[in-house]
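Let me begin by presenting the structure, written as structure tokens, before commenting on it.
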There are 2 protein chains.
Amino acid sequence: MTRRVDALSRERIVGAAVEMLDESGESGLTVRALAARLNTGLGAIYWHVTNKDDLLVAATDAVLTGALDTAAADPADTVRAVALGVFDAVDAHPWTGTQLPRLTSQLTTLKIFERLGRQVRALGVPAAAQFDAASALLNYILGVAGQNAALARSVAPGTDRATVLRSMSATWAALDQDEHSFARTVAGRLADHDDRAQFLAGIDLILAGIRALVPAPAPSP
Amino acid sequence: MTRRVDALSRERIVGAAVEMLDESGESGLTVRALAARLNTGLGAIYWHVTNKDDLLVAATDAVLTGALDTAAADPADTVRAVALGVFDAVDAHPWTGTQLPRLTSQLTTLKIFERLGRQVRALGVPAAAQFDAASALLNYILGVAGQNAALARSVAPGTDRATVLRSMSATWAALDQDEHSFARTVAGRLADHDDRAQFLAGIDLILAGIRALVPAPAPSP
DNA sequence: ACCTGAACACCGTTCAAGT
DNA sequence: ACCTGAACACCGTTCAAGT
């Protein structure tokens, strides 16, 4: 029997696309380069995939869907777990930070929104406020994702974040004192702050605001 | 004297770019089309502008910087005013929602961050927590900007949002009940919800969380 | 059914040459 | 100093033709 080691398929194409995106970012993924890596022609790709956008959506979904099946006992902790799942996935695959907000990736985003919304409901937020609360969490998470993607794209793939932050911190520290008094004050903290912890701090800020929406339980007798 | 009505300049180029972006989105702006609109050659553009990215950054900054000089008496209200300024600017020029998170637009983002940070400081947040609080506000604002940009890009420029929301609402309502119970519940609200109000609700959620960070003042005697 | 690769209709950017 | 426009090195996508 012949081993079709290299049988082409949608999965193999998407997998190779993810690898190329990880290695060289969004600009590194061209259909031609993808075909070359898979040892085929251009048309072969287009047989399995509608177009480049379809490919990007599939790649984003592949990376993020796996990141979502975390859970915790507490609804608040589950929110944190889901948020961190997205954060870590975007951290490992920075190009997803740009893809996620795109409407074509809406199905992936909807999965995140659904998980967040259920926790908001479980926290006891009144029905009328659930939509706003879940949206706030989602938008914050997507915002951080976008910023991290930008940060990662600004440096050669593989550069450690400490280097980037150090240089950014130096820039901020040199800013005009009058016009940028806050940025200058914060510059010192920027160099050695923990992105992940700061991300969680933001989640906790929103969760605190959400908790304030929950009506107080009847006082115990 | 000759009226040099059409003297080329960086400002005129950036202005024309903003118009083209407004009319036909990011994909509608090509250097060739821009040259044609300004009745010049390709090279003329590149004499005044480093490259296309430079142009996009300048266009984004032009649109957003004006949106930031709002103020209010209360720090919390100023946060709301700045946030709404960004929201409305992105609403009027959806392509900025995608540009803003890019690192090349960092200077524009820094202006927003600075304004937010000052209010956080004015609110009495302890120094150690100011960075996290200002970042949370910024990331939320950028997240909403990105989502609104995606929404706007999904329809022909000029389509009113109600139409988009109605179709999205219909999609959500048709989702599988088990897998998407939250999205389905919320679908009804989606059709007629006010984006701007929801955006502000998110800001208020974060502000509520931030207020909880402020140490209580000494009790009045 | 699946794949090939030439061809099409674009891009951003450069640069010798003009005024 | 400022502008022209041909040329370069790419793109994504299509499609007749092959197996």
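Just so you know, these numbers come straight off a predicted model, no measurement behind them. Below, read A as the first sequence line, B as the second, and so on, with proteins coming before strands; counting in each chain starts at 1.
The CZ-P distance, from B:Arg10 to D:dA1, rounds to 18 Å in whole Å. Between B:Leu34 atom CG and C:dC11 atom P the separation is 12 Å, expressed in whole Å. Distance CG (B:Asp54) to C1' (C:dT13): 14 Å, rounded to an integer number of Å. At whole-Å resolution of the value, CD in A:Glu26 and P in D:dC11 are 14 Å apart. For the pair A:Leu56 CG and D:dG12 P, the computed distance is 10 Å after rounding to whole Å. Rounded to whole Å, the distance from CG on B:Leu8 to C1' on D:dC2 is 9 Å. In this structure, CG of A:Asn51 is placed 8 Å from P of D:dT14, rounded to the nearest angstrom. Taking atom CZ of A:Arg12 as the reference point, atom C1' of C:dC3 lies 14 Å away to the nearest angstrom.
Qualifying side-chain contact (heavy atoms from CB on, under 4.5 Å) partners for A:Ala174, counting only residues two or more places apart in sequence or in other chains: none. Partners of B:His180 under the side chain to side chain donor-acceptor pair (under 3.5 Å) rule, at least two apart in sequence or in another chain, do not exist in this structure. Considering only residues two or more places apart in sequence or on other chains, A:Met20 meets the side-chain contact (heavy atoms from CB on, under 4.5 Å) condition with A:Leu29, A:Ala33, A:Leu34, A:Arg37. The side-chain contact (heavy atoms from CB on, under 4.5 Å) search around A:Ala67 returns A:Ala89, not counting sequence neighbours. Applying the side-chain contact (heavy atoms from CB on, under 4.5 Å) rule to A:Glu179 yields the partners A:Asp176; only residues at least two apart in sequence or on another chain are considered.
In this structure, B:Thr50 and B:Ser27 both approach DNA chain C, and ranking their closest nucleotides by distance from the 5' end singles out B:Ser27.
Residue pairs satisfying the ring pair (Phe, Tyr, Trp, His ring centres under 6.0 Å) criterion with at least one member in residues 29-58 of chain A, sequence neighbours excluded, are absent. For residues 78-92 of chain A, every residue pair satisfying the salt bridge (Lys or Arg N to Asp or Glu O under 4.0 Å) rule, not counting sequence neighbours, is listed here: A:Asp77-A:Arg80, A:Arg80-A:Asp204, A:Asp88-A:Arg196, A:Asp91-A:Arg161.
Checked for salt-bridge contact, A:Arg10 and A:Asp54 meet the test: a charged N lies under 4.0 Å from a carboxylate O.
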Return a single string for nucleotides 5-10 of chain D, one symbol per nucleotide in 5' to 3' order, where B is base contact, S is sugar-phosphate-only contact and - is none, cutoff 4.0 angstrom on heavy atoms. BBB---
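Here A:His48 reaches the OP1 or OP2 of C:dC3: one of its side-chain N or O atoms lies under 4.0 Å away. Taking side-chain N and O atoms only, B:Trp47 has no distance below 4.0 Å to OP1 or OP2 of D:dC3.
In this structure, B:Phe199 has its ring center under 6.0 Å from that of B:Phe87.
Across all strands shown, B:Leu29 has heavy atoms under 4.0 Å from sugar-phosphate atoms exclusively, and none from any base.
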Per-nucleotide pairing state of DNA chain C [Watson-Crick or G-U, under 3.5 Å; [ ] pseudoknot-crossing; | other strand]: ||.|||||...|||||.||
